[in-house]
Amino acid sequence: MAASSLLQLAPIGPLADRLLRDNLGAVRLWEEEADWLARHGAGVELLATSVRRGCDAAMMAALPQLRAISSWGVGYDTLDVEAAHARGIQVANTPDVLDDCVADLAWGLLIAAARRISASDRYVRAGEWRDLGGFPLTTKVSGKRLGILGLGRIGTAIARRGQGFDMQVRYNGRSPKDVPYGFEASLVALAEWSDFLVVACGGGPETRHLVSAEVLAALGPRGILVNIGRGSVVDQAALIAALEAGTLGGAGLDVLQGEPGAPTALCHRDNVVISPHVGSATIETREAMEQLVVDNLHAFLREGRVLTPILR
Ligand code: NAP
């Protein structure tokens with residue numbers, strides 16, 4: 001392969017960055033002159049990117065020989081998959097290897113929001129345990145009802161963990177699946193039934209604000225929302241309004257609209273737990289994701305097919 005055949009749009013991580021450069025001769029666009037694309041874009045056949053950086057139709061148009069895109073991350077709301085497929089370009093992401101960690105974090109947030117772990121930690125550190133006495137009672141987790149929006153790979157891993165907590169599990173999505181969990185065709189009905197509603201679907205226009213004011217009202221003053229999918233799936237203004245009015249019990253959020261950062265209206269609430277979009281952010285899982293970015297490109301070069309294509 002000519003050195004310019006593989007273009008990397010942005011840093012991915014230490015392992016992937018090293019392997020892409022050393023083993024596949026990647027050109028790092030961010031280290032090149034501003035006119036690199038105009039001068040060399042016609043020679044690019046492979047592209048490495050990430051869900052953070054994405055790849056839009058305009059970028060693809062600048063790469064007329066492009067044959068495959070390998071993207072780090074499982075979401076593809078920043079990749080124009082339709083434009084790629086229309087040109088016969090294969091697009092790969094890094095699914096499966098992160099399911100356990102994202103599901104673990106969803107449960108961490110669920111328990112932390114219900115049992116107010118962050119708030120009670122602050123209580124102890126501020127000396128209030130000593131000065132004021134016991135912490136207020138919180139909400140039981142085990143044996144409750146778990147609703148999942150988007151029973152995909154991660155949603156299924158979350159559901160499986162629910163069984164360990166003796167929970168009943170139901171889900172909502174575009175269609176029912178052959179699984180041992182009940183399907184609710186209406187998200188409002190699922191929220192009404194649920195004690196905990198976990199968002200595990202991806203972002204993009206199709207899922208924007210699926211968790212609306214009506215859904216949050218159905219979840220109710222004792223219900224807890226957990227979002228590890230995408231910030232755009234939840235109507236954040238409605239979420240803040242529901243928390244302020246006391247019509248929603250609490251929230252555990254790994255993803256937010258307008259991230260990075262979180263609105264003060266969420267930050268100052270003790271019934272809200274926020275993590276900085278770290279669902280997959282463990283040493284083991286990030287390494288596996290980076291390796292898969294590289295493996296997808298090797299497989300394409302060897303067999304003409306990426307290992308984990310995005311199929312739409
Ligand atoms: P997946 O296997 O493709 O599952 C996505 C699920 O979303 C599918 O089961 C699908 O269900 C559902 N869905 C899609 N469109 C929908 C709609 N309009 N209404 C309701 N449900 C819909 O993907 P995954 O690997 O589980 O990942 C899911 C998402 O998690 C990613 O897209 C990403 O946004 C997010 N994620 C977050 C982190 C983090 O760090 N917090 C890390 C990784 C991934 P149906 O087919 O039944 O519609």
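Note that the numbering runs from 1 along the sequence shown for the chain. Quick caveat: nothing in here was measured; it's all calculated off a predicted structure. Order of listing sets the numbers, starting from 1, for every ligand and every atom in it.
Per-residue contacts place V102 under 4.0 angstrom from the following atoms of ligand 1 (heavy atoms of the residue considered): 42 (C), 43 (C). Set against the non-hydrogen atoms of T207, the atoms of ligand 1 under 4.0 Å away are 15 (N), 16 (C), 17 (C), 18 (N). Here is the list of ligand 1 atoms found below 4.0 Å of a heavy atom in E206: 18 (N). Under a 4.0 Å criterion applied to the non-hydrogen atoms of S280, ligand 1 contributes the atoms 40 (O). Of all atoms in ligand 1, numbered sequentially from 1 with element shown, those under 4.0 Å from a heavy atom of S175 are 47 (O).
Ring-plane geometry between W107 and F165 is classed as parallel, the angle between the planes falling under 30 degrees on a 0 to 90 degree scale with a further cut at 60.
Both the backbone and the side chain of I154 come within contact range of ligand 1, each with a heavy atom under 4.0 Å. With a heavy-atom cut-off of 4.0 Å, R230 touches ligand 1 through its side chain alone.
Around atom 32 (O) of ligand 1, the closest heavy atom drawn from S232, G202, G204 belongs to G202. Nearest to atom 5 (C) of ligand 1 by heavy atom, out of G155, P276, P205, G152, is G152.
Between the side chain of Y123 and the backbone N or O of G134, at least one donor-acceptor pair lies under 3.5 Å. No donor-acceptor distance shorter than 3.5 angstrom exists from the side chain of T308 to the backbone of T94, with no hydrogens or angles considered.
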